[in-house]
Amino acid sequence: MSRAVRSGADVSSVLSTIARAVAEIMGFQTVVLNVYRPEWDDFYVEAVYGSALVRDALLGQIYDWDSWKPLLHPRFLRSGAYFIPNDAFDWSTDKGTRFVPAGEPLVDGPQGWHPNDELFVPLESSDGETLGVMSFGEPLDGLRPDDEQLALAVTLASHAALALEMAQERERLERHQTGLEQLLRVSSQLPQTMTTEAILTSVCEAVQEALGFDKVMIELRDEDSELLRPAAAAGWDEHDEARTAVLELSLISRLFDERFEIAGCYLVPADEAERRVGKSQVVYASIRNGRGPAAWNHHWLVVPLYGTDGGVKGVLWADEPRSRLLPTENVLQALRIFANHAMEALAAATQLAETRFLADHDPLTRLLNRRALLHELQEAGEGPHGMLALVFLDLDNFKEINDDHGHVVGDRVLARFGSLLAELVRTDDHAFRVGGDEFALLLAEAGEPEAREIVARIIDAVESNIDPLVRTLNASFGIATSSCRQEPEELLRIADEAMYQAKRSGTRIEVAA
């Protein structure tokens with residue numbers, strides 16, 4: 001038995017080896033192993049050593065606890081085993097499938113084994129939990145076992161239980177190892193797929209594959225609200241309600257109770273979860289449920305996703321465990337690692353996206369920068385010569401705002417002015433912060449009239465702005481149109497000169513000749 005475990009054989013192979021070894025040692029023609037299934041709270045006949053008739057009759061049979069309770073009664077207990085003589089139990093009341101060999105006892109008298117006799121020995125784990133029941137039939141010598149033989153059966157059962165426990169634990173550890181290897185694989189791949197959706201989808205698929213949850217979803221919180229929206233998923237159909245449902249973080253956070261916390265995850269019974277969050281947040285009910293105290297039964301498994309500031313930025317949901325069992329602490333530890341990794345990778349992706357963004361954008365106003373302006377002008381110069389207008393503008397009195405109110409307030413004013421420009425340009429136009437308090441507008445398919453119209457809108461918007469400091473801004477505008485198309489730097493120079501001419505003359509707007 002121990003050799004089978006050490007060889008790395010699967011649980012089914014280990015059980016077959018156990019049944020054969022016990023039968024040979026004890027001298028029984030039939031040995032049956034009923035393995036306890038915690039996901040169903042029942043017993044499944046996993047291995048049968050014996051004739052084709054007994055294998056066909058019993059292999060794969062299922063027995064619930066109620067069918068075992070009257071058989072494992074203290075009145076049948078002898079030397080740690082349960083021996084039930086032919087006439088000691090009314091088998092017509094038995095709920096399970098039995099195999100009774102045909103024929104008469106091989107040995108006459110009270111010591112002769114009757115075909116209707118039964119011998120059962122429970123298999124218990126090292127911590128006393130029931131792993132299964134071993135049953136014996138058809139002794140080769142035709143005799144009922146004496147106390148010494150029963151004690152041997154109990155000893156063999158204890159070795160069998162240890163072998164079974166080791167095999168089951170090895171399978172659990174292998175699954176856990178697979179999860180960790182999957183985590184490392186995902187970690188190595190994430191830098192290659194640094195979009196937010198790709199990162200989160202990879203994590204969902206990894207949880208699904210490595211940890212055995214058929215349905216996994218990540219929801220992220222809106223930046224300006226407490227709403228959670230689906231960001232990535234694995235195992236869901238696009239049309240499933242849960243795939244598009246918007247939840248409320250303030251309600252979902254009620255699940256984050258230390259009573260339900262395991263390894264940083266929160267595993268909450270369905271009734272308790274629904275009572276806490278309310279019916280509005282119930283968008284899915286599990287299908288892969290089991291029975292019994294260790295079984296998954298519509299539970300809610302949620303993992304908070306924390307940002308660098310410690311706040312909850314989203315949640316990871318895992319549902320439909322393939323085992324139909326409540327996840328072990330090892331599984332939940334791995335799930336927490338996946339969740340942490342998702343947020344670390346997301347932070348890295350966000351930083352990378354910001355770095356790429358800042359290559360062409362001003363960090364304060366979020367407008368395109370001078371580099372982007374030159375690139376746009378270059379592309380416009382190389383393309384078909386359509387209408388084009390470049391507006392260059394300078395805030396005449398911005399220095400006074402900075403001097404009177406400080407740079408923090410000055411930055412706020414610049415940011416709001418930048419937002420105003422972005423709102424006022426047309427869909428195909430672009431606004432730029434060229435540097436300091438200098439801005440530019442690149443207007444597609446526009447001549448002097450269109451440029452003057454947009455400039456007038458900007459002046460009106462500044463004068464009527466809700467921000468009192470924005471209302472005090474004065475700007476000078478220089479306009480260069482496609483009639484004076486030049487190289488990018490030259491066109492900028494022309495528009496800039498027109499703007500300075502407007503500033504010197506006090507006309508506010510000048511158009512380059």
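When reading the values below, keep in mind they use all heavy atoms of this one structure, side chains included, and skip hydrogens, waters and symmetry mates. Please read these numbers as outputs of a predicted model, since none were measured by experiment.
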Check your understanding: Do E124 and T130 have a side chain donor and acceptor closer than 3.5 Å?
Key -> no
Check your understanding: Taking 4.0 angstrom as the limit, do E274 and K279 come out as a salt bridge?
Key -> yes
Review point. Would you find a donor on one side and an acceptor on the other, under 3.5 Å apart, between the side chain of H361 and the backbone of F357?
Key: yes
Point to revise | Chi angles and distances behind the side chain to side chain donor-acceptor pair (under 3.5 Å) call for E219, W317 | key: CA-CA 8 Å; E219 295 179 310; W317 299 96; 2.8 Å; yes
**Study point:** Short N-O contact, R508 and D396, less than 4.0 angstrom
**Key:** no
Check your understanding: Are more than 12 heavy atoms from other residues, nucleotides or ligands located less than 6.0 Å from atom CG of D428?
Key -> no
Practice item. Begin from the C-alpha positions of F439 and F392 and carry the test ring pair (Phe, Tyr, Trp, His ring centres under 6.0 Å) through to its verdict. Key: CA-CA 6 Å; F439 297 82; F392 204 88; 9.5 Å; no
Study note, to complete from the structure: Looking only at heavy atoms, the pair that brings P304 and G264 closest together is CD-O, 3.8 Å
Review point. Please walk me through it: do W68 and Y36 pass ring pair (Phe, Tyr, Trp, His ring centres under 6.0 Å)?
Key: CA-CA 11 Å; W68 280 107; Y36 177 63; over 10 Å; no
Review point. Any donor and acceptor pair, going by atom type alone, linking the side chain of S225 with main-chain N or O of L227 inside 3.5 Å?
Key: yes
Point to revise | Test salt bridge (charged side-chain N to carboxylate O under 4.0 Å, His left out) applied to D496 and R493, step by step | key: CA-CA 5 Å; D496 188 37; R493 185 190 62 79; over 6 Å; no
Exercise for review: For residues H299 and S286, report the shortest heavy-atom separation together with the two atoms involved.
Suggested key: O-OG, 4.1 Å
Check your understanding: Of all heavy-atom pairs between Y500 and E438, which one has the smallest distance, and what is that distance?
Key -> OH-OE2, 3.6 Å
Check your understanding: In this structure, are over 12 heavy atoms from other groups packed under 6.0 Å from H405 atom NE2?
Key -> yes
Study note, to complete from the structure: Distance col, row H341:NE2 vs I199:CD1, nearest 0.5 angstrom, shows 8.5 Å
Exercise for review: Please indicate whether E261 has more than 12 foreign heavy atoms, meaning atoms of other residues, nucleotides or ligands, lying under 6.0 Å from its CD.
Suggested key: yes
Check your understanding: How about P230 and M217: do any of their side-chain heavy atoms sit closer than 4.5 Å?
Key -> yes
Review point. Given side chains that start at C-beta, do those of L443 and I454 come closer than 4.5 Å, heavy atoms only?
Key: yes
Exercise for review: Taking all non-hydrogen atoms of both residues into account, name the closest pair between N297 and A270 and its distance.
Suggested key: O-CB, 4.2 Å
Check your understanding: Is there a donor-acceptor pair closer than 3.5 Å between any side-chain N or O of W236 and the backbone N or O of V216?
Key -> yes
Exercise for review: Can you see which heavy atom on A440 is nearest to which on V434, and at what distance?
Suggested key: CB-CG2, 3.7 Å
Study note, to complete from the structure: So CG of L211 and CD of E209: to nearest 0.5 Å the spacing works out to 10.0 Å
Exercise for review: With the side chain counted from C-beta on, respond yes when L421 and L424 share a heavy-atom pair under 4.5 Å apart, and no when they do not.
Suggested key: no
**Study point:** For L441, the option from L390, I458, L373 that meets side chain to side chain contact (heavy atoms under 4.5 Å, CB included)
**Key:** I458
Check your understanding: Which atom names give the shortest non-hydrogen contact between R221 and V312, and what distance separates them?
Key -> NH1-O, 3.2 Å
Point to revise | CA sep, side-chain torsions, deciding dist, call: R433, D437, salt bridge (charged side-chain N to carboxylate O under 4.0 Å, His left out) | key: CA-CA 8 Å; R433 185 186 180 195; D437 57 357; over 6 Å; no
**Study point:** Donor + acceptor pair across side chains of N330, T328 (<3.5 Å)
**Key:** no
Practice item. Please step through side chain to side chain donor-acceptor pair (under 3.5 Å) for the pair E510 and T507, ending with a clear verdict. Key: CA-CA 7 Å; E510 283 289 339; T507 59; 3.1 Å; yes
Practice item. Please check if the side chain of N402 supplies one atom and the backbone of K399 the other of a donor-acceptor pair under 3.5 Å. Key: no
Review point. Are any non-hydrogen side-chain atoms of R322 and R288 less than 4.5 angstrom apart?
Key: yes
Point to revise | Electrostatic pair R356:D360 at N-O distance under 4.0 angstrom | key: no
Review point. Do side-chain atoms of E46 reach the backbone of V35 as a donor and acceptor pair under 3.5 angstrom?
Key: no
Point to revise | Proximity of F43 and Y63 rings by center, below 6.0 Å | key: no
Check your understanding: If you round to the nearest 0.5 Å, how far is CD of E445 from CG of D429?
Key -> 10.0 Å
Review point. Are D319 and W300 close enough that some pair of their side-chain heavy atoms sits under 4.5 Å apart?
Key: no
Check your understanding: Does any non-hydrogen side-chain atom of L305 lie less than 4.5 Å from one of N340?
Key -> no
Check your understanding: When you look at F260 and Y266, which way does the ring pair (Phe, Tyr, Trp, His ring centres under 6.0 Å) test go after all the steps?
Key -> CA-CA 5 Å; F260 310 116; Y266 294 87; 8.3 Å; no
Review point. Taking it one step at a time, do W65 and D42 satisfy side chain to side chain donor-acceptor pair (under 3.5 Å)?
Key: CA-CA 6 Å; W65 264 112; D42 62 15; over 6 Å; no
Exercise for review: Would you sort out whether H239 and T244 count as a side chain to side chain contact (heavy atoms under 4.5 Å, CB included), showing the intermediate values?
Suggested key: CA-CA 8 Å; H239 304 294; T244 57; over 6 Å; no
Point to revise | Stepwise side chain to side chain donor-acceptor pair (under 3.5 Å) test for R504 and Q501 | key: CA-CA 5 Å; R504 287 191 294 269; Q501 178 59 34; 3.1 Å; yes
Point to revise | Close side-chain approach of L301 and C265, heavy atoms under 4.5 Å | key: yes
Check your understanding: With the threshold set at 4.0 Å, does a side-chain nitrogen-carboxylate oxygen contact exist between R416 and D467?
Key -> yes
Check your understanding: Is there a donor-acceptor pair closer than 3.5 Å between any side-chain N or O of D257 and the backbone N or O of R254?
Key -> no
Point to revise | Neighbour count >12 (heavy atoms, 6.0 Å) for atom CG, D403 | key: yes
**Study point:** Any donor-acceptor N/O pair, Q208 side chain to D214 backbone, under 3.5 Å
**Key:** yes
Point to revise | side chain to side chain contact (heavy atoms under 4.5 Å, CB included) between V283 and L247, worked out | key: CA-CA 9 Å; V283 295; L247 303 180; 4.2 Å; yes
Practice item. Flag the pair D66 and K69 as a salt bridge only when some basic side-chain nitrogen lies within less than 4.0 angstrom of an acidic carboxylate oxygen. Key: yes
**Study point:** Sidechain-backbone polar pair: S419 side chain, A415 backbone, donor-acceptor under 3.5 Å
**Key:** yes
Review point. Should the pair R229-E223 be classified as a salt bridge under the 4.0 Å nitrogen-to-oxygen rule?
Key: no
Practice item. Would you check if the side chain of D394 reaches a backbone N or O of S476 as a donor-acceptor pair within less than 3.5 Å? Key: no
Review point. Tell me, do I509 and R452 make a side-chain contact under 4.5 Å, heavy atoms counted?
Key: yes
**Study point:** Side chain T472, main chain L469, donor-acceptor under 3.5 Å
**Key:** yes
Point to revise | Worked check of side chain to side chain contact (heavy atoms under 4.5 Å, CB included) between L395 and V413 | key: CA-CA 11 Å; L395 300 178; V413 171; 5.9 Å; no
